[in-house]
Amino acid sequence: DGLDAVLCQFYEIDEDNDEPVEILATVSEPFPDDLRAVLLALTQPNGVAQLIADENLAFESELDVFGWASVFYAEFAANLVNQLLEKAQVTPDEVTAIGCHGQTVRHRPQWSFSLQLLDPNVLAERTAIAVVSDFRRRDMAV
């Protein structure tokens, strides 16, 4: 239904500190209606057929929809990250990395694959912060 972002400070655990994470700020934003509709369509086998049939949209295939949504999701996430930084009064150079797995649209562990949509390059460019993404495929490989 939306995206949540959390800014955390991580610490080493030692005899003086047993709390490894401090939450500095959080923000949450519902998905825009058009992105939400596309995400829901992509989660269903052949779910984008109606989007492709809509003459007002330029989509020609499921891959077009996936590509558009990957970029739109990244732009949306970047805006949320920038809101988070502003709220916390933190600059991008003070952040080591953004961890963003993207949106799961197809999860098929029986076939050893999972698809998350996100263009991490757009997210990195819009925030000026390194991005670590696509965690689930590594899990599937293991």
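Heads up: numbering here begins at 1 and tracks the sequence.
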Heavy atoms of other groups near Gln89 CD, more than 12 under 6.0 Å: no

Please report the shortest heavy-atom distance between Leu42 and Arg106, naming the atom on each side. O-NH2, 2.7 Å

Lys87 side-chain N/O to Val27 backbone N/O, donor-acceptor pair under 3.5 Å: no

Correct closest heavy-atom pair for Met140 and Ser114 would be CG-CB, 4.0 Å

If only side-chain N and O atoms count, and only distance matters, is there a donor-acceptor pair under 3.5 Å linking Glu19 with Tyr11? no

Does Glu125 CD have over 12 foreign heavy atoms under 6.0 Å away? no

How are the rings of Trp68 and Phe59 set to each other: parallel, tilted or perpendicular (split at 30° and 60°)? perpendicular

Is any side-chain heavy atom of Asp34 less than 4.5 Å from a side-chain heavy atom of Phe72? yes

Say whether, by atom type as modelled, one donor and one acceptor occur between the side chain of Asn82 and the main chain of Arg126 under 3.5 angstrom. yes

May I ask you to decide whether Asp134 forms a salt bridge with Arg137, counting only side-chain N to carboxylate O separations under 4.0 Å? yes

Check the surroundings of atom NE2 in His107: do more than 12 heavy atoms from other residues, nucleotides or ligands lie under 6.0 Å from it? yes

Enclosure of Glu94 CD (heavy-atom neighbours >12, cutoff 6.0 Å): yes

Name the one of Leu118, Asp119, Leu117 that satisfies side chain to side chain contact (heavy atoms under 4.5 Å, CB included) with Val71? Asp119

